[in-house]
Amino acid sequence: MKRNVLVLVCLLGLTLPAKGQSSSFLQNMEEQMSALQDTMFMAGNDNERFNANERFISALENCLEMPNSFNHDFALLDKISILTSKDKRFRIFTWAVVSSEGEYSNYGFIQAKNEASGEYEVYRLMARNDEIFSPQEQKLSDSCWFGAVYYDLITSKHENITYYTLLGFDGKDIYSKRKVIEPITFKHNSGRPTFGAPIFYKQKGLKRMIFEYAPDAAFNLLYDNQFFEVGGIKKAGKKPMKKNRPFEVEEKQIEKAWLILYDELESKTDAVSGFMQLNVPSGKVEGMVFERGRWRKVDNLVPRNKKKKNETDNGNYDFSKEKRLY
């Protein structure tokens, strides 16, 4: 690792700091990477973008391998996504570089704690999106990753087990876009990440949820604390009912919970179906709640913010009021 740092110092034209000055050294390298990220995202041609990206990858990897780098916030790297779990178990860096043809290439790193040693290990994420057969059903790794830029990290607990779920965006290409609900776990003795887990209730074989849609569609996927209705019509039991009353009516209740909310997708044309690039939001919002170690779909979901006095409720959730993430 020290040899890599020395090589990087020469490449970037930095001065190797004296012992005890690692914080200052990280700050200097961060300033260099801040300039590189501008080139990665705004240069006028692919060669400049991807060359800057390779230099950025080398610099970031060496920074993350330095002792105590987990506590460095990299605030100047404001054009990439940096998410840290609440328990400091891991931190994930993701970004995408777009080619002149509109194709997205995803990149990333994870710093994850090795529970056995107490040290943070660094893993470079290698996107293989186009090579993964049936990606919804596969457990993946850092070397075979369904690449995405993650914009939210959800932490859930059940019976002293902590579950982590990522929400991410894959720009893919000019023909379609994708968003993903990605569970992530870590091996105890190394901290090596595993992407995908069977934590979707009554969805056998499903390891992650992938939503693919038309490039001009405004598809929403977010984690939010919302009010929703439960209850309604309930079938009668074995006891005889009064005439013309085949069902018991159960009063609807308003509950509030943290939910993963997403638009239901449908084809924009009835004439053609099965083509993901034609998928657009149907106008209906679906959702899932975390219960007993699983994400369970909420039936008949009507998410909404708490109604104000005299407010008319049409049963629809207005996503336009939310801050757009991607």
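Index from 1, following the sequence.
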Does [X] belong to the same Ile/Leu/Val/Met/Phe/Trp/Tyr cluster as [Y], with side-chain heavy atoms less than 4.5 Å apart forming each link?
X: Met126; Y: Val97; value: no
X: Leu60; Y: Leu76; value: no
X: Leu265; Y: Phe169; value: yes
X: Tyr223; Y: Ile199; value: yes
X: Phe70; Y: Leu26; value: no

Side chain to side chain contact (heavy atoms under 4.5 Å, CB included) partners for [X], two or more places apart:
X: Pro198; value: Lys139, Lys207
X: Arg296; value: Tyr201, Val289, Glu291
X: Asn71; value: none

Backbone N or O of [Y] within a donor-acceptor pair of the [X] side chain at under 3.5 Å?
X: Asp263; Y: Asn220; answer: yes
X: Asn114; Y: Glu119; answer: no
X: Lys177; Y: Gly171; answer: yes
X: Glu131; Y: Cys144; answer: no
X: Thr165; Y: Ile154; answer: no
X: Ser176; Y: Gln277; answer: no
X: Ser134; Y: Gln136; answer: no

Using a 3.5 Å cut-off and no angle test, enumerate the donor-acceptor pairs between side-chain atoms of residues 180-196 and protein atoms at least two apart in sequence or in another chain.
unit_1, atom_1, unit_2, atom_2, d
Glu182, OE1, Arg208, NE, 2.8
Glu182, OE2, Gly196, N, 3.0
Glu182, OE2, Arg208, NE, 2.9
Glu182, OE2, Arg208, NH2, 3.0
Ser190, OG, Arg192, N, 3.1
Arg192, NH1, Asp142, OD1, 3.0
Arg192, NH1, Asp142, OD2, 2.8

Which atom pair, heavy atoms only, marks the closest approach of [X] to [Y]?
X: Ala214; Y: Val280; answer: CB-CG1, 4.3 Å
X: Ser69; Y: Cys63; answer: CB-O, 3.1 Å
X: Tyr262; Y: Leu221; answer: CB-CD1, 3.8 Å
X: Asp46; Y: Ser100; answer: OD1-N, 2.8 Å
X: Lys297; Y: Met288; answer: CA-CG, 3.9 Å
X: Arg128; Y: Ser143; answer: NE-O, 3.2 Å

Atom [atom1] of [X] and atom [atom2] of [Y]: how far apart are they, to the nearest 0.5 Å?
X: Glu48; Y: Met40; atom1: CD; atom2: CE; value: 13.5 Å
X: Glu30; Y: Gln32; atom1: CD; atom2: CD; value: 11.5 Å
X: Lys172; Y: Ser105; atom1: NZ; atom2: OG; value: 12.5 Å
X: Tyr164; Y: Thr155; atom1: OH; atom2: OG1; value: 6.0 Å
X: Ile80; Y: Thr94; atom1: CD1; atom2: OG1; value: 7.5 Å
X: Ile110; Y: Arg89; atom1: CD1; atom2: CZ; value: 10.0 Å

Taking the six-membered ring for Trp, are Tyr107 and Phe56 closer than 6.0 Å centroid to centroid?
no
Is any side-chain heavy atom of [X] closer than 4.5 Å to a side-chain heavy atom of [Y]?
X: Val98; Y: Arg49; value: yes
X: Asn53; Y: Trp95; value: yes
X: Trp295; Y: Ser156; value: yes
X: Lys88; Y: Lys113; value: no
X: Ile82; Y: Phe93; value: yes
X: Asp87; Y: Lys157; value: no
X: Tyr151; Y: Lys179; value: yes
X: Phe146; Y: Arg178; value: yes

Is there a side-chain contact (heavy atoms from CB on, under 4.5 Å) between Gln37 and Asp78 once you walk through the steps?
CA-CA 9 Å; Gln37 71 176 356; Asp78 55 355; 3.1 Å; yes
If you draw a 6.0 Å radius around [atom1] in [X], do more than 12 non-hydrogen atoms from other residues or ligands fall strictly inside?
X: Lys79; atom1: NZ; value: yes
X: Glu101; atom1: CD; value: no
X: Asn45; atom1: CG; value: yes

List for me each residue that meets side chain to side chain donor-acceptor pair (under 3.5 Å) alongside Glu264, sequence neighbours excluded, and say none if there are none.
Ser282
With sequence neighbours excluded, residues passing side chain to side chain donor-acceptor pair (under 3.5 Å) with Glu61
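Side chain to side chain donor-acceptor pair (under 3.5 Å) list for Glu61, sorted by chain: empty.
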Determine, step by step, whether Asn106 and Trp145 satisfy the side-chain hydrogen bond (donor to acceptor under 3.5 Å, both in side chains) criterion, reporting the C-alpha distance in whole Å, the side-chain angles of both residues, the deciding distance to 0.1 Å, and the verdict.
CA-CA 10 Å; Asn106 297 298; Trp145 169 54; over 6 Å; no
Run the side-chain contact (heavy atoms from CB on, under 4.5 Å) test on Met66 and His72 for me, step by step, so that the C-alpha distance in whole Å, both residues' side-chain angles and the decisive distance to 0.1 Å come before the verdict.
CA-CA 10 Å; Met66 294 189 68; His72 189 82; over 6 Å; no
Please lay out, stage by stage, how Ile57 and Phe109 fare under the test side-chain contact (heavy atoms from CB on, under 4.5 Å).
CA-CA 9 Å; Ile57 288 171; Phe109 283 96; 3.7 Å; yes
Should Leu64 and Phe74 be marked as a side-chain contact (heavy atoms from CB on, under 4.5 Å) after you check the CA-CA gap, both sets of side-chain angles, and the distance that decides it?
CA-CA 10 Å; Leu64 297 181; Phe74 293 99; 3.9 Å; yes
